[in-house]
Number of protein chains: 2
Amino acid sequence: MNISQAAERSGVSSKAIRYYESINLITPARRSGNGYRDFSDDDVHMLRFVSRARGLGFSVSEVADLLALYQDRGRASAQVRGLAQGAIARIEGKITELQSIAAVLSDLVARCHGDDRPECPILDDLAGSR
Amino acid sequence: MNISQAAERSGVSSKAIRYYESINLITPARRSGNGYRDFSDDDVHMLRFVSRARGLGFSVSEVADLLALYQDRGRASAQVRGLAQGAIARIEGKITELQSIAAVLSDLVARCHGDDRPECPILDDLAGSR
DNA sequence: CCTTGACCTTCCTGTAAGGGGAAGCTTTAT
DNA sequence: ATAAAGCTTCCCCTTACAGGAAGGTCAAGG
């Protein structure tokens with residue numbers, strides 16, 4: 001099948017597929033006589049794997065690791081688990097950071113009248129007049 | 001004062017200061033006879049404003065808006081509040097997204113033995129063999 | 001006076017992960 | 001036959017700077 005169909009079935013855009021190929025994340029697709037890429041169902045399967053992993057917050061290079069482990073029949077599940085735990089830690093750290101930022105902003109918004117008057121605790125705070 | 005001192009006092013790196021100047025976020029600093037930038041305490045104050053706003057998750061272009069509002073003595077606080085609320089909404093959306101991702105990953109990690117054996121629910125899930 | 005070394009300047013490249021679009025094929029449909 | 005769609009490669013754009021090269025400048029020490 002051509003790239004747009006593979007894109008549709010895998011949930012990875014054509015652009016992204018070409019990109020993944022260019023950085024050697026996936027093995028280059030076969031080419032038909034006309035030079036068009038020709039994808040198999042297995043290719044689509046791999047692309048879905050990539051898509052799902054990316055959606056779970058794994059970086060492209062981590063996806064490369066996951067793919068290698070996936071294709072290594074003798075891998076130890078501990079390695080995969082380690083990657084996933086690292087991803088969780090990063091995500092949770094990010095959540096904590098965002099929550100504290102949101103808390104500060106919410107406090108500022110609560111203290112701001114939000115009307116036609118110029119007085120604004122938000123700007124005052126940003127200006128450091130605490 | 002020179003750029004490195006302004007950087008130290010404001011918490012904005014020298015690189016970032018030059019960058020902010022290049023994109024017209026801040027007004028170009030005065031230059032001394034030798035061509036060096038020469039920062040005043042007011043400049044440092046502005047930089048701190050920028051630094052704090054960036055730290056609160058405002059994009060550079062939003063900071064530009066905030067700075068304009070800050071310098072507009074007649075602004076309506078509602079505008080500032082709107083910007084802040086938009087930021088909060090974005091941040092909370094991001095938090096929700098990250099939380100659901102973390103939940104999926106945590107579930108997968110919990111189901112993975114994480115030992116020498118190759119069986120791995122994480123890879124199985126990524127492969128879509130649900 | 002001269003030489004370091006620490007600053008400063010501008011300019012170029014690189015980052016993550018593709019998106020957008022141009023120029024030029026091929027294939028498909030009318 | 002021709003137009004529309006799809007494919008190819010290639011290059012620029014995005015965010016918000018960091019890193020580093022090449023070269024000018026300033027203050028301290030021998």
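Letters go in sequence order (proteins before strands), and every chain restarts at 1. Atom set for the values below is all heavy atoms of this structure, side chains included, hydrogens, waters and symmetry mates excluded.
- For Asp107(A), the CG atom counts as densely surrounded, since its 6.0 Å shell holds more than 12 non-hydrogen atoms of other residues, nucleotides or ligands.
- The phosphate of dC8(C) has OP1 or OP2 within less than 4.0 Å of a side-chain N or O from Ser4(B).
- Taking the side chain as every heavy atom from C-beta outward, Pro121(A) and His113(A) never approach each other to under 4.5 Å.
- Going from atom CG of Leu56(A) over to atom P of dA17(C) covers 15 Å, rounded to whole Å.
- At the heavy-atom level, Arg37(B) lies under 4.0 Å from the strands shown only through sugar-phosphate atoms.
- Distances shown here put a side-chain N or O of Ser13(B) below 4.0 Å from the OP1 or OP2 atom of dA18(D).
- Residue Asn24(A) contributes atom CG, which lies 15 Å from atom C1' of dA17(C) at whole-angstrom precision.
- In this structure, Arg18(A) reaches the dT8(D) phosphate: one of its side-chain N or O atoms is under 4.0 Å from OP1 or OP2.
- Arg54(B) comes within 4.0 angstrom of the backbone, heavy atoms only, and of no base.
- Atom CZ in Phe39(A) sits about 16 Å away from atom P in dG6(D), given to the nearest Å.
- Between the P atom of dT8(D) and the CG atom of Asp38(A) lies a distance of 10 Å, rounded to the nearest Å.
- Counting any heavy atom pair closer than 4.0 Å across all strands shown, Ile23(A) reaches no nucleic acid atom.
- Rounded to the nearest 0.5 angstrom, Glu8(B) CD and Ser13(B) OG are separated by 13.0 Å.
- The distance between atom CZ of Arg90(A) and atom C1' of dA16(C), rounded to the nearest whole Å, is 13 Å.
- For Arg31(B), no side-chain nitrogen or oxygen approaches OP1 or OP2 of dT25(D) to under 4.0 Å.
- As a whole-Å value, the separation of Glu21(B) CD from dC17(D) P is 15 Å.
- For the pair Tyr36(B) and dT25(D), the criterion of a side-chain N or O lying under 4.0 Å from OP1 or OP2 is not met.
- Listed nucleotides dC8(C), dA18(D), dA17(C) differ in distance to Tyr19(A); the shortest reach to its side chain belongs to dA17(C).
- Rounded to whole Å, the distance from CE on Met1(B) to C1' on dC26(D) is 18 Å.
- If you measure from atom CD of Glu8(A) to atom P of dC7(D), you get 11 Å, rounded to the nearest angstrom.
- A 6.0 Å sphere centred on CG of Asp72(A) holds more than 12 heavy atoms belonging to other residues, nucleotides or ligands.
- Between dC8(C) and Ser14(B), no contact under 4.0 Å exists linking OP1 or OP2 to a side-chain N or O.
- Across dT25(D), dA17(C), dG20(D), the shortest atom-to-atom separation from the side chain of Val60(A) is found for dA17(C).
- Looking at Tyr70(B) and Asp65(B), their side chains never come closer than 4.5 Å, going by heavy atoms from C-beta outward.
- Here the side chain of Asn34(A) is nearest to one of dT9(D), dT26(C), dT9(C), namely dT26(C).
- Two residues are said to be in side-chain contact when any heavy atoms from C-beta on lie closer than 4.5 Å; Tyr19(B) and Leu25(B) fail this criterion.
- Where Lys15(A) and Tyr20(A) meet DNA chain C, the nucleotide closest to each residue was compared, and Tyr20(A) sits on the side nearer the 5' end.
- Mapping Gly33(B) and Ser61(B) onto DNA chain D by nearest heavy atom places Ser61(B) at the nucleotide closer to the 5' end.
- Side-chain proximity of Ile3(B) to the nucleotides dG20(C), dT9(C), dA17(C) is greatest for dT9(C).
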